[in-house]
Asker: 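If you scroll down you'll find the structure; I have some questions about it.
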Amino acid sequence: MSATAHVRELTLDNLIDAWQLGRHAFGFDPQPPPQVTVVLPGLTRYGAFDAAGRIVGRAVDLHDEQWWSGRAVPAADVAGVAVAPEARGRGVARALLTGLLRGAHERGAAVSALFPTVTAPYRACGWDVAGVMRTVDLPTVALPRHRPAAHLSVRAGTPADLPAVAALYERLARDRRGLLTRRGARFDAHTSADTLPFDGLSLVEEDGRLVGYAAWDRGRGYGDDAVLTVEDVFATTADAARELVGVLASWHSVAPKVRLCLLDGDAVSAQLPLEAAREHESQPWMHRPVDVTRAVAGRGWPAHVGGTVEFHLTDPLADWNTGTWRLAVADGSAELTRIRGDADLHLTVRGFALLYSGASTAASVADAGLLHATGADPRALDLLAAGGAAQLLDYF
């Protein structure tokens with residue numbers, strides 16, 4: 001099958017058949033939603049076809065951006081990968097992902113992330129687990145309530161507030177690593193909508209300026225199993241975070257449980273009784289470079305970090321990444337330059353992904369067999385890992 005599978009962008013005529021593949025793989029409702037048969041902005045749909053022209057696989061390249069230490073890095077985030085049961089294990093997914101990477105490279109993408117249902121096929125194609133998106137449940141009654149701050153006001157948000165909400169998210173997300181920018185064609189409708197994309201929006205303001213918000217869905221019922229699902233909760237000050245936690249706590253009589261995904265070490269997490277949190281869901285996510293030169297040059301680097309290291313990289317799916325490179329980091333920026341000859345450090349693309357995303361150290365990557373050193377200290381490649389661990393908050 002892999003020798004005959006042909007990968008190309010899907011046309012409108014292919015979309016229903018591609019959706020059927022996804023329905024079988026993921027258990028969708030039998031009735032396709034309206035957007036299945038239209039061209040959607042901000043993404044590219046790919047299909048794999050057998051010798052008879054039947055679609056046997058599909059995948060979607062989401063034209064996202066990710067924040068990496070103050071810079072927006074163009075991404076090819078992967079979603080909706082599905083292969084027909086009769087074609088599985090025959091190289092169709094590999095062919096699909098190879099075609100997707102090539103198309104993403106041609107349009108200028110630098111990095112890629114995905115949420116796997118199973119990790120092995122993606123590891124075989126160069127992605128590796130860079131983090132886990134954890135959703136936790138907290139008893140609403142355990143949330144602290146403080147005396148309202150006199151300098152802050154709390155009100156319900158409206159669609160007119162969505163641009164300010166997006167701006168506050170960007171302020172907090174941009175200096176992180178891996179978070180989506182939530183800009184571009186896929187997200188434009190969210191900030192210009194006539195209705196809220198969730199049940200409620202609670203805002204905290206100081207002198208008319210937004211300093212915190214919580215977006216939430218009420219769910220159903222008001223018994224012991226009722227849950228308030230918080231889609232987003234962000235604050236730029238400790239006082240604003242306390243106000244938002246107080247708003248969530250006020251639901252204790254009708255929603256005994258609050259469900260949310262936290263941003264590590266932020267102002268809101270600092271106000272929560274995390275010892276009472278129980279994990280609701282754990283979603284590993286994976287990362288890989290699309291183009292290593294863009295990935296290195298496009299992101300921000302810690303200003304105090306500097307140095308150079310040479311290594312050889314192997315990337316079977318993206319041959320433009322394979323070769324010997326010199327990484328030079330200085331003054332908050334970095335450059336990857338192709339050099340002649342070999343190097344003492346040999347890195348796989350999976351090892352590159354783990355280091356770039358801050359998910360591992362060079363010594364651990366070497367222990368995993370993803371970095372081989374000949375007469376050199378593998379820890380020299382910790383330079384690639386400088387900046388801390390990445391995180392994702394948006395499932396796709």
Asker: Could you walk me through whether Leu168 and Thr236 satisfy the side chain to side chain contact (heavy atoms under 4.5 Å, CB included) test, starting with their C-alpha distance in whole Å, then the side-chain angles of each, then the deciding distance to 0.1 Å, before giving a yes or no?
Answerer: CA-CA 8 Å; Leu168 188 143; Thr236 60; 4.1 Å; yes
Asker: For a quick test of reading the model, state the closest non-hydrogen atom pair linking Pro159 to Ala193 and the distance between them.
Answerer: CB-O, 3.4 Å
Asker: What's the separation between atom CG in Leu21 and atom CZ in Phe28, rounded to the nearest 0.5 Å?
Answerer: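 One gets 10.5 Å once the value is rounded to the nearest 0.5 Å.
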Asker: Between Val349 and Gly126, what is the shortest heavy-atom contact and its length?
Answerer: CG1-CA, 3.5 Å
Asker: Test side chain to side chain contact (heavy atoms under 4.5 Å, CB included) on Leu263 and Arg176 and set out the steps.
Answerer: CA-CA 10 Å; Leu263 185 62; Arg176 300 275 179 156; 3.7 Å; yes
Asker: Is a side-chain donor or acceptor of Arg88 paired with a backbone partner of Val83 at a separation under 3.5 angstrom?
Answerer: yes
Asker: With a 4.5 Å heavy-atom cut-off, do Phe352 and Asn321 have their side chains touching?
Answerer: no
Asker: Scan Leu40, Asp77, Leu43, Leu100 and name whichever one has a side chain to side chain contact (heavy atoms under 4.5 Å, CB included) with Val60.
Answerer: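 Passing option: Leu43.
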Asker: At what distance, to the nearest 0.5 angstrom, does CG of Leu143 lie from OG1 of Thr140?
Answerer: 6.0 Å
Asker: Looking at Trp127, I'd like to know if the NZ or CZ of Arg288 sits under 6.0 Å from its six-membered ring centre while staying within 45 degrees of the ring's axis.
Answerer: yes
Asker: Group every Ile, Leu, Val, Met, Phe, Trp and Tyr by side-chain heavy-atom contacts under 4.5 Å, then state whether Leu313 and Ile339 land in the same group.
Answerer: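 No, Leu313 and Ile339 fall in different hydrophobic clusters.
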Asker: Once you measure the plane-to-plane angle for His105 and Trp320, does it fall in the parallel (<30°), tilted (30-60°) or perpendicular (>60°) bin?
Answerer: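 Rings of His105 and Trp320: parallel, as their planes differ by under 30°.
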Asker: So if you build clusters from Ile, Leu, Val, Met, Phe, Trp, Tyr with side-chain heavy-atom gaps below 4.5 Å, do Val111 and Leu114 land together?
Answerer: no
Asker: Between Pro197 and Leu162, is there a side-chain heavy-atom distance shorter than 4.5 Å?
Answerer: yes
Asker: Is atom CZ of Arg338 surrounded by more than 12 heavy atoms (other residues, nucleotides or ligands) closer than 6.0 Å?
Answerer: yes
Asker: Do you know which two heavy atoms are closest between Val132 and Ser282, and how far apart they sit?
Answerer: CG1-OG, 2.9 Å
Asker: Show the numbers, then the answer: is there a side chain to side chain contact (heavy atoms under 4.5 Å, CB included) between Glu231 and Asp217?
Answerer: CA-CA 7 Å; Glu231 304 295 341; Asp217 286 314; 2.6 Å; yes
Asker: Would Val78 end up clustered with Val73 when hydrophobic side chains under 4.5 Å apart are linked, directly or stepwise?
Answerer: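 Each belongs to a different hydrophobic cluster.
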Asker: Ignoring hydrogens, what is the shortest heavy-atom contact between Ala385 and Ser360? Give both atom names and the distance.
Answerer: CB-O, 4.0 Å
Asker: With hydrophobic residues grouped by side-chain heavy-atom distances under 4.5 Å, do Val296 and Trp325 end up in a single group?
Answerer: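 Yes; Trp325 is reachable from Val296 via cluster members.
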Asker: Counting neighbours of CD on Glu279 that are heavy atoms of other residues, nucleotides or ligands and sit closer than 6.0 Å, is the number greater than 12?
Answerer: yes
Asker: Is the count of non-hydrogen atoms from other residues, nucleotides or ligands lying under 6.0 Å from Arg107 atom CZ greater than 12?
Answerer: yes
Asker: Taking all non-hydrogen atoms of both residues, which atom of Ala113 and which atom of Trp285 are closest, and how far apart?
Answerer: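 In terms of heavy atoms, the two residues are closest at CB-CE3, 4.4 Å.
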Asker: I'd like to know if the side chain of Thr44 pairs up with that of His63 as donor and acceptor (distance under 3.5 Å, no hydrogens or angles considered).
Answerer: yes
Asker: From Arg134 CZ over to Leu393 CG, what is the distance, rounded to the nearest 0.5 angstrom?
Answerer: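 The CG atom of Leu393 is 13.0 Å from CZ of Arg134, to the nearest 0.5 Å.
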Asker: Taking all non-hydrogen atoms of both residues, which atom of Ala76 and which atom of Val290 are closest, and how far apart?
Answerer: CB-CG2, 4.3 Å
Asker: How many angstroms lie between atom CG of Leu317 and atom OG1 of Thr322, to the nearest 0.5 angstrom?
Answerer: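 So the gap between those two atoms works out to 10.0 Å.
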Asker: Just wondering, do Asp232 and Val165 contact through their side chains at under 4.5 Å, heavy atoms?
Answerer: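 Contact flag for Val165/Asp232 side chains = no.
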Asker: What distance do Leu62 atom CG and Arg186 atom CZ have between them, rounded to the nearest 0.5 Å?
Answerer: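 Interatomic distance, Leu62 CG to Arg186 CZ, rounded to 0.5 Å: 4.5 Å.
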Asker: Could you tell me whether Asp319 atom CG has more than 12 heavy atoms of other residues or ligands within 6.0 Å of it?
Answerer: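 Yes.
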Asker: Any side-chain heavy-atom pair from Arg294 and Pro74 closer than 4.5 angstrom?
Answerer: no
Asker: Name every donor-acceptor pair, under 3.5 Å, that has one atom in a side chain of residues 250-257 and the other anywhere in the protein, sequence neighbours excluded.
Answerer:
residue	atom	partner	partner atom	Å
Ser250	OG	Val247	O	2.5

Asker: Would you check if Leu260 and Val136 make a side-chain contact, meaning some heavy-atom pair closer than 4.5 Å?
Answerer: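 The answer is yes, as the side chains (C-beta and beyond) meet within the 4.5 Å cut-off.
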Asker: Once rounded to the nearest 0.5 Å, what's the spacing between atom CH2 of Trp216 and atom OG1 of Thr229?
Answerer: 11.5 Å
Asker: If you measure from the Lys or Arg side-chain nitrogens to the Asp or Glu carboxylate oxygens, is any gap between Arg259 and Glu281 under 4.0 Å?
Answerer: no
Asker: Tell me if the CZ atom of Arg155 is crowded by more than 12 foreign heavy atoms within 6.0 Å.
Answerer: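 Result for CZ/Arg155: enclosed.
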Asker: Throw together a table of side-chain donor-acceptor distances under 3.5 angstrom for residues 363-383, partners on residues two or more places apart or in other chains.
Answerer:
residue	atom	partner	partner atom	Å
Ser364	OG	Thr361	OG1	3.2
His372	NE2	Gly369	O	3.3
Asp377	OD1	Arg379	N	2.9
Asp377	OD1	Arg379	NE	3.1
Asp377	OD2	Arg379	NE	3.1
Asp377	OD2	Arg379	NH2	2.9
Asp382	OD1	Ala362	N	2.8

Asker: For Gln66, run the side-chain hydrogen bond (donor to acceptor under 3.5 Å, both in side chains) check against Arg299, His287, Arg71 and tell me which one passes.
Answerer: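 Option passing the side-chain hydrogen bond (donor to acceptor under 3.5 Å, both in side chains) with Gln66: His287.
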Asker: So Asp331 and Ser333, side chain to side chain donor-acceptor pair (under 3.5 Å) or not? Walk me through it.
Answerer: CA-CA 6 Å; Asp331 302 323; Ser333 298; over 6 Å; no
Asker: Determine whether a donor-acceptor pair (N or O, by modelled atom type, separation under 3.5 Å) exists between the side chain of Tyr356 and the backbone of Ala295.
Answerer: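 Yes, the answer is positive, given that a donor and an acceptor are paired below the 3.5 Å cut-off.
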Asker: Test side chain to side chain contact (heavy atoms under 4.5 Å, CB included) on His280 and Val227 and set out the steps.
Answerer: CA-CA 12 Å; His280 168 70; Val227 178; over 6 Å; no
Asker: What do the steps show when you test Arg90 against Asp50 for salt bridge (Lys or Arg N to Asp or Glu O under 4.0 Å), and what is the final call?
Answerer: CA-CA 11 Å; Arg90 292 173 169 82; Asp50 66 12; over 6 Å; no
Asker: Mind checking whether Leu172 and Val211 sit in one hydrophobic cluster, side chains of I, L, V, M, F, W, Y counted as touching below 4.5 Å?
Answerer: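 As far as the 4.5 Å side-chain criterion goes, Val211 and Leu172 are not connected within one cluster.
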Asker: Flag the pair Glu86 / Val56 as yes when at least one side-chain heavy-atom distance between them is below 4.5 Å, and no otherwise.
Answerer: no
Asker: Quick one: are Thr181 and Phe187 in side-chain contact, heavy atoms under 4.5 Å?
Answerer: no
Asker: Under the 3.5 angstrom rule, does the side chain of Asp17 hit a backbone N or O of Asn14 as a donor-acceptor pair?
Answerer: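 It does not hold such a pair.
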Asker: Ser269 pairs by side chain to side chain contact (heavy atoms under 4.5 Å, CB included) with which of Val233, Asp264, Leu262?
Answerer: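 Running side chain to side chain contact (heavy atoms under 4.5 Å, CB included) over Val233, Asp264, Leu262 with Ser269 returns exactly one hit, Leu262.
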Asker: Would you mind reporting whether Asp239 and His146 have side-chain heavy atoms less than 4.5 Å apart?
Answerer: no
